[in-house]
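Just so you know, these numbers come straight off a predicted model, no measurement behind them.
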Amino acid sequence: MTGVRVTLRDRDVRQALARLARLGRDPGPPLKALGPILVASTRNRIVAEQSPDGTPFAPLNRDYAAVEKKGPGILRERAMRGGLFASLTSEQGGRTLRIGTNKLYAAVHQFGATIRPVRAPALVFRLGGRLVRAEKVEIPARPFLGISAEDRGEIHDVFATFAARAGAR
């Protein structure tokens, strides 16, 4: 996965993990169960074009939007050819669950970026069949990784279910 890292520091989650530990249970199974749930939630946010906190993604650049023609959305582009949307995955090990992607450009979308030429006086690229020259390109942050309020509820429910099962044994 890339260097995009979002850490959940939630008291309820820590307490649920501690309860499982007191019951002598491995936190791995509930974390592993959460992986696909949180990947699906992340994909749903991308489709809805909103951040984990519910903020809508920044609108597309006007010129880019004219070329895109209301396609699948900036983070879903090339999904069928192995783009960011299709690459989202989960990885569980020990007391850790990671949701992310192996796409290097994911950080640009998560945090935003300013792209400037390195060895030329300007960036030159094609946009809708025409050649564009720019001193820089601003890509606004469109945070897609993170935990929403709905995700917190899912996390709580999964841990509560596993803790109840562990306590019943």
Side-chain angles (χ1 to χ4, degrees), residues 1-10 13 28 30-155 157-158:
M1 290 189 203
T2 67
V4 177
R5 185 177 202 161
V6 178
T7 303
L8 175 63
R9 296 189 196 318
D10 188 279
V13 172
L31 289 173
K32 190 169 186 136
L34 277 170
I37 293 168
L38 296 177
V39 167
S41 175
T42 301
R43 286 187 175 137
N44 289 339
R45 282 195 302 274
I46 289 172
V47 169
E49 297 188 354
Q50 62 178 296
S51 301
D53 68 2
T55 304
F57 285 168
L60 296 177
N61 169 287
R62 173 182 41 119
D63 295 330
Y64 182 80
V67 172
E68 170 148 351
K69 298 184 177 105
K70 303 291 182 206
I74 191 74
L75 300 183
R76 289 189 293 157
E77 281 186 357
R78 299 184 309 270
M80 300 311 290
R81 298 186 302 252
L84 186 138
F85 184 87
S87 72
L88 290 168
T89 188
S90 63
E91 213 175 73
Q92 184 271 324
R95 296 175 58 103
T96 302
L97 174 65
R98 291 184 180 94
I99 309 298
T101 172
N102 62 353
K103 300 300 179 188
L104 295 176
Y105 58 86
V108 169
H109 289 296
Q110 181 76 15
F111 303 113
T114 301
I115 301 171
R116 299 178 193 279
V118 176
R119 294 186 187 100
L123 298 167
V124 179
F125 52 94
R126 290 204 176 277
L127 186 60
R130 73 184 168 101
L131 208 54
V132 176
R133 182 179 168 94
E135 290 181 22
K136 66 181 179 178
V137 173
E138 297 280 344
I139 299 175
R142 293 182 177 95
F144 58 97
L145 292 172
I147 303 296
S148 68
E150 186 176 301
D151 294 337
R152 285 188 196 296
E154 291 283 349
I155 291 167
D157 291 350
V158 167

List the atom of [X], the atom of [Y], and the distance in Å for their closest heavy-atom pair.
X      : Y      : value
Gly94  : Leu31  : O-CD1, 3.7 Å
Val158 : Ala33  : CG1-CB, 4.4 Å
Thr42  : Phe144 : CG2-O, 3.5 Å
Leu145 : Pro52  : O-CG, 3.4 Å
Val137 : Leu123 : CG2-CD1, 3.7 Å
Lys32  : Gln92  : N-CG, 3.8 Å

Audit row: Glu91, Leu97, side chain to side chain contact (heavy atoms under 4.5 Å, CB included) steps and yes/no: CA-CA 6 Å; Glu91 213 175 73; Leu97 174 65; over 6 Å; no
Residues, nucleotides or ligands: over 12 heavy atoms within 6.0 Å of Glu150 CD: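 No, the 6.0 Å shell around CD holds no more than 12 heavy atoms from other groups.
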About how many Å separate [atom2] of [Y] and [atom1] of [X], when rounded to the nearest 0.5 Å?
X      : Y      : atom1 : atom2 : value
Ile147 : Asp53  : CD1   : CG    : 12.5 Å
Leu88  : Arg43  : CG    : CZ    : 5.5 Å
Arg142 : Phe111 : CZ    : CZ    : 15.0 Å
Phe57  : Ser51  : CZ    : OG    : 5.5 Å
Asn61  : Ile139 : CG    : CD1   : 10.0 Å
Ile99  : Thr89  : CD1   : OG1   : 8.0 Å

Student check: side-chain heavy atoms of Ile155 and Leu34 closer than 4.5 Å: yes
Check: Leu38 main-chain N/O paired with Glu154 side-chain donor or acceptor under 3.5 Å: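 A pair under 3.5 Å: no.
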Check against side chain to side chain contact (heavy atoms under 4.5 Å, CB included), Val47 and Phe85: CA-CA 9 Å; Val47 169; Phe85 184 87; 3.9 Å; yes
Between Ser41 and Arg45: side-chain donor-acceptor atoms closer than 3.5 Å: yes
